[in-house]
Amino acid sequence: MENKIIRHLSQVATPRGTTARRGRAMNQLEIYGDAAIWIHGDSIMGVGSDADISRQLQLRHVQAEEIDGRGLCAVPGFVDPHTHFLFAGTRAREFDDRLAGVPYLTLLQRGGGIVSTMQATRQASEEELYALGVHTLREMLALGVTTVEGKSGYGLDCATELRLLRVMQQLDHDLPVSVVNTYLGAHAVPPEYKDHPDDYVDFIIGRVLPQVAAEHLAEFVDVFCETGVFTNAQSERILQAARQHGLALKLHADEMSSTGGAGLACRMGAVSADHLLSISDVDIEALANSETVAVLLPATAFCMRKNYAPARRMIEAGAAVALASDYNPGSCYTYSVPLILGLAVIAMKMTTAEALTAMTLNAAAAVHQADQIGSLEPGKKADVVLLDAEDYRFLVYQTGINLVSSVYVDGHLVYEK
């Protein structure tokens with residue numbers, strides 16, 4: 001049956017709109033009690049009180065499959081707009097060193113960090129990478145994540161980077177989770193270019209980017225703009241080249257030091273500037289006066305025992321803030337939505353409504369999809385998460401617990417606890 005109606009929900013809680021919510025508007029949700037959601041095919045037709053939605057179906061003589069939502073709360077499918085989910089090898093041996101205070105850049109210089117994962121990923125077959133991706137994405141789906149941005153960046157050569165992007169495209173095709181591809185060749189300088197980083201930038205621009213664009217393997221290009229990794233000037237060169245190939249821009253910015261990366265992202269018209277633990281007041285203002293979304297990664301700060309990004313100051317300045325996991329094998333080996341939401345509200349002092357907006361509509365904007373997903377309203381894709389709770393605030397109130405009861409993607413039930 002093309003039509004479904006999820007009836008008698010204890011609550012529907014959703015932001016509204018087709019662009020990122022900024023500043024105080026992040027705290028504004030549409031909330032319905034004794035609610036219903038009418039789904040036609042893969043799209044939402046109506047959201048409101050059960051009585052109103054039922055009346056609409058009756059007036060149009062629509063027959064619909066009825067789904068009992070009693071005791072449940074509906075929220076939009078979560079969007080994770082910053083992950084490094086596809087890689088081979090893990091780095092548990094670095095974990096204690098990192099917590100003991102060994103700087104990340106020191107681990108990198110020892111041959112650990114990204115370079116360690118690079119070696120394992122280069123050796124992994126396409127089939128092995130695909131199986132690893134399937135496992136991770138199914139686990140994320142069980143946490144209510146319906147759209148995932150995935151970065152390459154663990155090959156750092158042409159062949160492996162392209163292989164990672166192709167595998168992610170196949171995962172997007174085969175699984176219900178939507179995967180958005182980002183080329184992150186500028187994740188680190190590989191050993192073969194250790195003493196010639198500008199030559200590696202030339203390699204990215206001259207060799208890999210044209211092939212990524214020609215094969216339509218990615219929507220975005222990202223750069224790790226950081227002291228000891230890629231300078232602002234090198235980052236700008238890569239971003240300019242990406243833009244010339246018609247690719248949208250993202251930037252790892254101001255994570256471990258304040259380099260002005262967020263300001264660069266704004267000047268370049270990047271869709272997002274991510275991390276921002278060390279962002280300056282000047283660049284907070286730049287974000288507030290730009291269309292660039294600030295993607296904050298609280299689980300990374302937590303796992304690295306770092307100060308959190310100043311979410312409160314960004315929101316009060318009028319910026320659009322999104323939340324993401326930064327799932328990766330080094331600094332943040334988790335994609336736990338309950339952890340991210342709990343840290344955002346309890347540690348970063350966001351409200352629960354702001355955090356929900358940040359993981360749905362604003363996260364969708366950070367992958368150029370706020371016109372299609374990120375809210376429960378007519379015309380959007382029917383990506384719906386049903387929570388085993390009567391109110392969306394249980395997402396943080398019941399701290400650290402996965403409350404997801406079932407997940408619908410494109411109107412189809414794809415996960416049920």
Side-chain angles (χ1 to χ4, degrees), residues 79-88 114 117-118 121-122 124 126 129-130 132-133 136-137 140 147-175 177-188 190 200-225 230 234-253 265 268-274 292-293 295 322 324-328 363-370 372-373:
V79 178
D80 193 336
H82 182 127
T83 83
H84 307 255
F85 79 84
L86 195 60
F87 56 86
I114 291 170
T117 304
M118 176 204 77
T121 303
R122 285 182 178 182
E126 190 167 314
L129 290 169
Y130 181 86
L132 290 166
T136 299
L137 292 175
M140 294 178 85
T147 298
V148 176
E149 183 259 13
K151 303 179 192 293
S152 68
Y154 289 121
L156 306 181
D157 59 3
C158 187
T160 314
E161 288 293 302
L162 298 181
R163 183 160 71 249
L164 287 166
L165 293 169
R166 289 176 186 135
V167 169
M168 286 192 283
Q169 279 192 338
Q170 192 63 46
L171 291 165
D172 176 58
H173 179 269
D174 293 350
L175 298 182
V177 181
S178 295
V179 179
V180 181
N181 278 15
T182 295
Y183 168 56
L184 181 60
H187 198 190
Y200 183 58
V201 173
D202 292 340
F203 168 76
I204 288 171
I205 292 171
R207 173 81 187 279
V208 191
L209 264 178
Q211 202 161 340
V212 170
E215 295 187 35
H216 306 288
L217 292 176
E219 181 174 347
F220 296 98
V221 169
D222 196 350
V223 180
F224 191 0
C225 181
F230 293 93
Q234 291 168 334
S235 301
E236 186 169 354
R237 282 190 61 208
I238 295 168
L239 294 177
Q240 285 177 338
R243 191 162 57 189
Q244 288 169 1
H245 284 289
L247 295 159
L249 312 180
K250 288 177 165 287
L251 196 66
H252 281 58
M268 296 293 295
V271 175
S272 72
D274 302 26
T292 301
V293 178
V295 177
S325 71
D326 192 27
Y327 173 58
N328 72 80
V367 292
H368 259 171
Q369 293 190 23
Q372 303 170 53
I373 58 173

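Computation of the quantities below employed the complete heavy-atom set of this structure, encompassing side-chain atoms and omitting hydrogens, waters and symmetry-equivalent molecules.
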For the side chain of Arg243 and the backbone of Met268, is there at least one donor-acceptor N/O pair under 3.5 Å apart? yes
Distance-minimising heavy-atom pair for Asp172 and Ser178: OD1-CA, 3.5 Å
Assess whether ring-ring contact (aromatic ring centres under 6.0 Å, His included) is satisfied between Phe220 and His368, documenting all intermediate values. CA-CA 10 Å; Phe220 296 98; His368 259 171; 5.7 Å; yes
Quick one: SG on Cys225 to CD1 on Ile238, what's the gap to the nearest 0.5 Å? 9.5 Å
Quick check, are the ring centers of His84 and His252 under 6.0 angstrom apart? yes
Let me confirm one number: the CG-CG distance from Leu171 to Leu86, rounded to the nearest 0.5 Å. 6.5 Å
Pick one: which of Asp222, Thr182, Asn328 meets side chain to side chain donor-acceptor pair (under 3.5 Å) with Lys151? Asp222
Go through the steps for Leu165 and Gln169 under the test side chain to side chain contact (heavy atoms under 4.5 Å, CB included), then give the verdict. CA-CA 6 Å; Leu165 293 169; Gln169 279 192 338; 5.9 Å; no
Do Leu129 and Thr121 come within less than 4.5 Å of each other through their side chains, counting heavy atoms only? yes
When every non-hydrogen atom of Ala242 is compared with those of Leu209, the smallest separation belongs to N-CD1, 3.8 Å
I'd like to know if the side chain of Asn181 and the backbone of Leu217 have a donor-acceptor N/O pair within less than 3.5 Å. yes
Apply side chain to side chain donor-acceptor pair (under 3.5 Å) to Glu126 and list each qualifying residue two or more places apart in sequence or on a separate chain. none
Check the pair Leu251 / Leu239 against side chain to side chain contact (heavy atoms under 4.5 Å, CB included), numbers first and verdict last. CA-CA 9 Å; Leu251 196 66; Leu239 294 177; 3.9 Å; yes
Could you tell me which non-hydrogen atom of Val295 sits nearest to which non-hydrogen atom of Ala366, and how far apart they are? CG2-CB, 3.8 Å
Would Val180 and Gln369 count as a side chain to side chain contact (heavy atoms under 4.5 Å, CB included) here? Give the steps. CA-CA 10 Å; Val180 181; Gln369 293 190 23; 3.3 Å; yes
Enter the distance from Thr83:OG1 to Leu137:CG here, rounded to the nearest 0.5 Å. 8.0 Å
Determine the minimum heavy-atom distance between Ser152 and Glu161, stating which atoms define it. OG-OE1, 2.6 Å
Calculate, to the nearest 0.5 Å, the distance between atoms CE and CZ belonging to Met140 and Phe85 respectively. 8.0 Å
Mind checking side-chain contact (heavy atoms from CB on, under 4.5 Å) for Arg122 and listing every partner two or more places apart, or none if nothing turns up? Met118, Leu156, Asp157, Thr160, Pro190, Glu192
Salt bridge present between Asp202 and Arg207 (N-O < 4.0 angstrom): no
Minimal non-hydrogen separation, Ala322 against Val293, with atom names: CB-CG1, 3.8 Å
Kindly indicate whether the side chain of His82, heavy atoms from C-beta on, has any atom under 4.5 Å from the side chain of Ser325. no
Assess whether ring-ring contact (aromatic ring centres under 6.0 Å, His included) is satisfied between His187 and Tyr154, documenting all intermediate values. CA-CA 8 Å; His187 198 190; Tyr154 289 121; 5.1 Å; yes
Do Leu247 and Tyr183 have side chains that get closer than 4.5 Å, going by heavy atoms? no
Step by step, would you call Thr147 with Val177 a side chain to side chain contact (heavy atoms under 4.5 Å, CB included)? CA-CA 6 Å; Thr147 298; Val177 181; 5.9 Å; no
Rounded to the nearest 0.5 Å, the CZ atom of Arg166 sits from the CD atom of Glu215 at a distance of 4.5 Å
Flag the pair Val271 / Leu249 as yes when at least one side-chain heavy-atom distance between them is below 4.5 Å, and no otherwise. no
Go through the steps to decide whether Asp174 and Tyr130 satisfy the test side-chain hydrogen bond (donor to acceptor under 3.5 Å, both in side chains), and finish with yes or no. CA-CA 10 Å; Asp174 293 350; Tyr130 181 86; 2.6 Å; yes
Which heavy atom of Ala265 sits nearest a heavy atom of Thr292, and at what distance? O-OG1, 3.9 Å
